[in-house]
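Structure, as structure tokens:
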Protein chains: 2
Amino acid sequence: MSTHEDGSFTYRYPHPAVATDIAIFTLREGRLAVLLIERGEEPFQGDWALPGGFLRPDEDLISCARRELCEEAGVEAPLLRQFGVFSAPDRDPRDRVISVAYLALLSSDRLKPQAGSDAADARWFAVADLPALAFDHRQIVEAALAALRSVAEATDILLDLMPARFTLTRLQAAYEIVTSQVADKRNFRARVLESGLLQETEDMERGPHRPARIYRRV
Amino acid sequence: MSTHEDGSFTYRYPHPAVATDIAIFTLREGRLAVLLIERGEEPFQGDWALPGGFLRPDEDLISCARRELCEEAGVEAPLLRQFGVFSAPDRDPRDRVISVAYLALLSSDRLKPQAGSDAADARWFAVADLPALAFDHRQIVEAALAALRSVAEATDILLDLMPARFTLTRLQAAYEIVTSQVADKRNFRARVLESGLLQETEDMERGPHRPARIYRRV
DNA sequence: CCAAAAGTGTTACTCGTACACCCATGT
DNA sequence: ACATGGGTGTACGAGTAACACTTTTGG
């Protein structure tokens with residue numbers, strides 16, 4: 001950038017476009033799934049991509065991510081965590097686009113994605129079985145999974161994947177799906193109950209077996 | 001973005017400028033210090049700011065950070081870690097600027113910052129005693145310190161703060177300065193020696209006390 | 001000989017992990 | 001009655017944290 005004597009200034013180089021992409025995960029049918037939208041426009045028309053879009057002049061990046069998630073997929077904004085920035089000069093064939101990537105988790109009782117204006121369709125895909133993705137979105141999903149796994153072991157973030165009310169067995173299943181390793185039932189229960197993050201309810205889930213206590217977040 | 005029938009496209013909104021800022025830390029006189037440059041131009045002319053600058057069309061963000069660090073402060077590129085993105089619409093009074101922030105550590109035997117073209121001066125400041133900073137750079141420094149402290153406890157990153165050859169006592173001092181807590185001498189030494197990251201040398205540091213073994217990175 | 005920093009092992013405790021059986025319900 | 005998942009305690013080992021004195025040099 002150079003500043004001129006009259007106080008105006010110019011940038012030496014053209015500005016790139018700035019966008020957000022959101023990798024939002026949930027649990028469906030016992031598998032970790034990510035929300036994708038079908039692109040209605042070129043390039044990559046008909047391919048699947050992460051929800052996201054361009055930054056507007058009056059919003060910051062996290063607001064942009066929240067808005068795009070709502071507009072394109074009808075998903076109400078949960079907690080968003082910035083986990084990476086993707087800036088390879090040729091990652092968008094049209095023009096230079098910098099993408100700031102956000103990670104989010106959606107509880108499995110609120111997943112009703114509906115395609116928005118820019119998307120022909122919106123669907124959940126199991127991460128183990130992804131279609132061809134537009135742009136460098138495969139790479140972004142991989143980075144999001146790595147970020148999710150690294151924070152999942154150290155924090156209570158996994159509660160965001162759960163519906164309002166759940167059993168300890170379902171919570172453990174969520175943990176095992178995300179971390180890809182089995183946990184000891186007694187150790188898991190002891191740890192999570194001592195954390196103080198769960199509240200016992202009076203209700204039980206019934207089935208062809210002993211009823212399970214239902215818990216909720218405090 | 002909208003795509004036209006002829007295949008061209010336009011963005012709905014003007015593009016922001018995209019820049020990097022680098023918070024590079026070292027140890028000076030037993031204190032954690034960050035490199036700042038004195039701004040030679042408005043706005044904030046004469047104030048201090050983190051090194052950084054605008055993204056060029058043919059580079060990605062980490063290359064930009066590495067280049068700016070070299071150009072503005074004469075510092076050769078160590079490992080850079082992206083730790084945040086700053087995007088408040090009014091963070092730059094001139095125009096919309098998105099800043100991607102990088103964290104770096106510099107070993108204390110290579111710190112000879114020299115002011116580059118865009119900077120009137122470049123100096124190290126103890127983080128406990130910062131001058132007034134331009135833009136939102138105070139906030140960026142705080143975020144960088146938080147990121148540094150959180151990774152310092154889990155990784156070997158602190159070796160990047162050390163000169164080529166150092167004693168275990170000096171390494172422990174670096175650890176204590178960054179984490180702001182004292183460590184047990186015997187436990188620290190046992191841990192770091194078992195890590196396999198250090199190599200004993202034949203040399204000793206002399207002084208008015210028992211000579212200390214000098215180590216280096218493997 | 002005194003000051004100053006270097007160097008060195010052992011013990012206690014905490015935390016994580018492994019492990020197996022009985023219980024309550026629906027069919 | 002049986003099939004299904006729910007629910008519970010303990011023992012062991014590893015790793016972390018606490019702890020004090022002797023050694024070597026320069027002045």
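Just so it is clear: chains get the letters A, B, ... in the order the sequence lines come, proteins before strands, and each one is counted from 1.
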Practice task
Before accepting this row, confirm whether a basic side-chain N of the pair A:Arg170/A:Glu205 lies closer than 4.0 Å to the acidic partner's carboxylate O.
Solution key: yes

Practice task
Could you tell me whether A:Asp160 and A:Arg81 have a side-chain N and a carboxylate O separated by less than 4.0 Å?
Solution key: no

Problem - Residue whose nearest DNA chain D nucleotide is more 5′ - A:Ala212 or B:Lys185 - result: A:Ala212

Problem - Presence of salt bridge, A:Glu71 and A:Arg56, under 4.0 angstrom - result: yes

Practice task
Just call it for B:Thr169: base, sugar-phosphate, or nothing, with non-hydrogen atoms closer than 4.0 Å on any strand.
Solution key: sugar-phosphate

Exercise for the section: Please check the phosphate of D:dG26 (OP1 and OP2 only) for any side-chain N or O of B:Arg206 closer than 4.0 Å. Expected result: yes

Problem - Rounded distance in Å - CG (A:Leu193) to P (D:dG9) - result: 12 Å

Problem - Residue-phosphate contact under 4.0 Å: B:Arg189 side-chain N/O, C:dG7 OP1/OP2 - result: yes

Completion exercise
Whole-Å distance, A:Arg213 CZ to C:dT25 P, equals 11 Å

Practice task
Consider the side chain of B:Asp184, meaning its heavy atoms from C-beta on, and name the nucleotide among C:dA20, D:dT25, D:dA18 that approaches it most closely.
Solution key: D:dA18

Practice task
Report the nucleotide, chosen from C:dG26, C:dA6, D:dG7, that has the shortest atom-to-atom distance to any side-chain atom of A:Pro208.
Solution key: C:dG26

Practice task
Mind calculating the distance between CG (A:Leu168) and P (C:dC23) to the nearest angstrom?
Solution key: 20 Å

Handout entry: Rounded distance (Å) that lies between atom P of D:dA17 and atom OH of B:Tyr175
Key = 8 Å

Completion exercise
Per atom distances to the A:His209 side chain, the nearest of D:dA18, D:dT4, D:dG7 is D:dT4

Problem - Residues B:Asp136, B:Arg91: salt bridge by 4.0 Å N-O rule - result: yes

Exercise for the section: Grab the CD1-P distance between A:Ile214 and D:dG6 for me, whole Å please. Expected result: 12 Å

Problem - Lys NZ or Arg CZ of A:Arg123 over A:Trp48 ring: under 6.0 Å, within 45° - result: yes

Exercise for the section: Nearest whole angstrom, please: distance from the P of D:dT8 to the CD of A:Glu194. Expected result: 13 Å

Handout entry: Interatomic distance where CZ belongs to B:Phe188 and P belongs to C:dG9 [whole Å]
Key = 18 Å

Completion exercise
To the nearest angstrom, the CG-C1' distance between B:Leu171 and C:dA6 comes to 15 Å

Problem - Distance-only donor-acceptor test (3.5 Å): side chain B:Arg186, base D:dA20 - result: yes

